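Written out below as structure tokens is the structure these notes cover.
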Amino acid sequence: MKKSEKTKRQLASVLKDLMVLKPLEKISIQEVMEKAQLNRQTFYYHFEDIYDLLKWTLEREAIELLDDYKDESLWQEGYRDILLYLEKNRAFALNAINSMGHEHFNRFFHQEIYSIIEDFVKQIAEMCQEVEKKYMSFVTHFFTVSITAVTISWLQGELDFSVEELIQMVDRFLSDHLEGTKTLYGVNNTSCLKAIDI
């Protein structure tokens, strides 16, 4: 690992620890650097401000999550990884939402959830060839936006579900849509369902 990457990870780790204890707005660059035992100038070599460090931290976490489930064949496993990450890092994640707003935090998970759902939708399209690609692209986007919003709502305590219960709810939602797609396009066999194992 390059020295600059190692330093960035160190600062990100310190920031996450501090964000469990206090709002981002009350965390100073000086405080981060003191806990990291680095000089202030080192911070500005890598980041513009605290928000830039938070943005990098979220992007790095997202990349690592994506690496964890890139080889998984079932979308549930990828989504489970995201939910378990949020559950483990709830205080940090909630602080990030409150500091950055929903719109910015949505971007953090959008690509990860999109990748999961895109694989799911591609499998439907391959087995149900009557469905147009343009429509499937819309379906992927629709599911991504919906599931991201539901996930953040769950994180904020607005939905009283365990990780497994939430996965089951989303699974049921996707399965219901798949059944509707089969009916709409006159797909009478069960190959679509069998192919994606739901």
Side-chain angles (χ1 to χ4, degrees), residues 12-13 15-27 50-51 54-55 57-124 136 138-183 192-194 196-198:
S13 178
L15 180 65
K16 283 182 69 177
D17 289 344
L18 289 171
M19 285 179 66
V20 171
L21 304 173
K22 61 174 75 175
L24 182 67
E25 293 77 13
K26 294 187 177 181
I27 299 173
I50 286 288
Y51 288 92
L54 176 59
K55 181 175 178 287
T57 303
L58 290 171
E59 288 172 352
R60 172 50 50 189
E61 304 272 87
I63 288 169
E64 290 178 355
L65 272 176
L66 190 60
D67 285 344
D68 283 343
Y69 63 73
K70 66 183 178 182
D71 294 326
E72 297 290 353
S73 58
L74 297 177
W75 71 267
Q76 292 96 330
E77 294 304 314
Y79 189 46
R80 181 177 287 106
D81 285 347
I82 290 175
L83 295 178
L84 291 174
Y85 167 84
L86 288 174
E87 194 169 57
K88 179 180 177 182
N89 297 277
R90 184 178 294 271
F92 164 70
L94 287 172
N95 194 342
I97 290 174
N98 293 333
S99 300
M100 302 174 71
H102 285 217
E103 179 182 349
H104 294 290
F105 195 78
N106 280 358
R107 292 175 192 163
F108 169 44
F109 283 115
H110 183 88
Q111 185 57 46
E112 284 59 53
I113 292 178
Y114 189 95
S115 296
I116 295 168
I117 298 304
E118 185 178 37
D119 287 343
F120 172 84
V121 172
K122 279 180 180 177
Q123 290 179 62
I124 298 174
M136 299 315 282
F138 168 78
V139 169
T140 303
H141 181 74
F142 180 86
F143 283 159
T144 300
V145 172
S146 300
I147 294 171
T148 299
V150 165
T151 301
I152 290 176
S153 181
W154 169 80
L155 176 66
Q156 293 177 314
E158 296 170 355
L159 293 171
D160 186 21
F161 297 135
S162 67
V163 167
E164 295 305 321
E165 286 173 334
L166 185 55
I167 291 171
Q168 288 173 12
M169 290 295 178
V170 173
D171 187 29
R172 181 176 176 181
F173 174 73
L174 293 176
S175 299
D176 286 349
H177 180 83
L178 176 57
E179 284 297 333
T181 299
K182 288 173 61 184
T183 300
C192 298
L193 284 172
K194 289 179 180 177
I196 56 179
D197 192 25
I198 59 172

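Everything quoted here is computed from the prediction, not taken from an experiment.
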In the structure I gave you, are the side-chain heavy atoms of [X] and [Y] within less than 4.5 Å of one another anywhere?
| X | Y | value |
| --- | --- | --- |
| Lys55 | Glu59 | yes |
| Leu54 | Met19 | yes |
| Leu83 | Glu87 | no |

Shortest non-hydrogen contact between [X] and [Y], atoms and distance:
| X | Y | value |
| --- | --- | --- |
| Phe173 | Phe143 | CE2-CE2, 3.3 Å |
| Val170 | Tyr79 | CG2-CE2, 3.8 Å |
| Phe92 | Val20 | N-CG2, 4.4 Å |
| Thr148 | Thr144 | OG1-O, 2.7 Å |

From Leu18, Asn98, Leu15, residue fulfilling side-chain contact (heavy atoms from CB on, under 4.5 Å) relative to Leu24: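 When Leu18, Asn98, Leu15 are each tested with Leu24, the side-chain contact (heavy atoms from CB on, under 4.5 Å) holds only for Leu15.
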From [X] atom [atom1] to [Y] atom [atom2], the distance as rounded to the nearest 0.5 Å:
| X | Y | atom1 | atom2 | value |
| --- | --- | --- | --- | --- |
| Arg80 | Ile167 | CZ | CD1 | 4.0 Å |
| Ile113 | Thr151 | CD1 | OG1 | 4.0 Å |
| Leu86 | Asp81 | CG | CG | 11.0 Å |
| Asp17 | Ile27 | CG | CD1 | 10.0 Å |
| Leu166 | Met169 | CG | CE | 8.5 Å |

Is there a donor-acceptor pair under 3.5 Å between the side chain of [X] and the backbone N or O of [Y]?
| X | Y | answer |
| --- | --- | --- |
| Ser153 | Ala149 | no |
| Arg90 | Leu155 | yes |
| Asn95 | Ala91 | no |
| Asn89 | Tyr85 | yes |

CZ/Phe142: more than 12 non-hydrogen atoms of other groups inside 6.0 Å: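 No - once you tally the heavy atoms of other residues, nucleotides and ligands closer than 6.0 Å, there are 12 at most.
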Within 6.0 Å of NZ in Lys16, more than 12 heavy atoms from elsewhere: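 Counting neighbours around NZ of Lys16, more than 12 heavy atoms of other residues, nucleotides or ligands fall under 6.0 Å, so yes.
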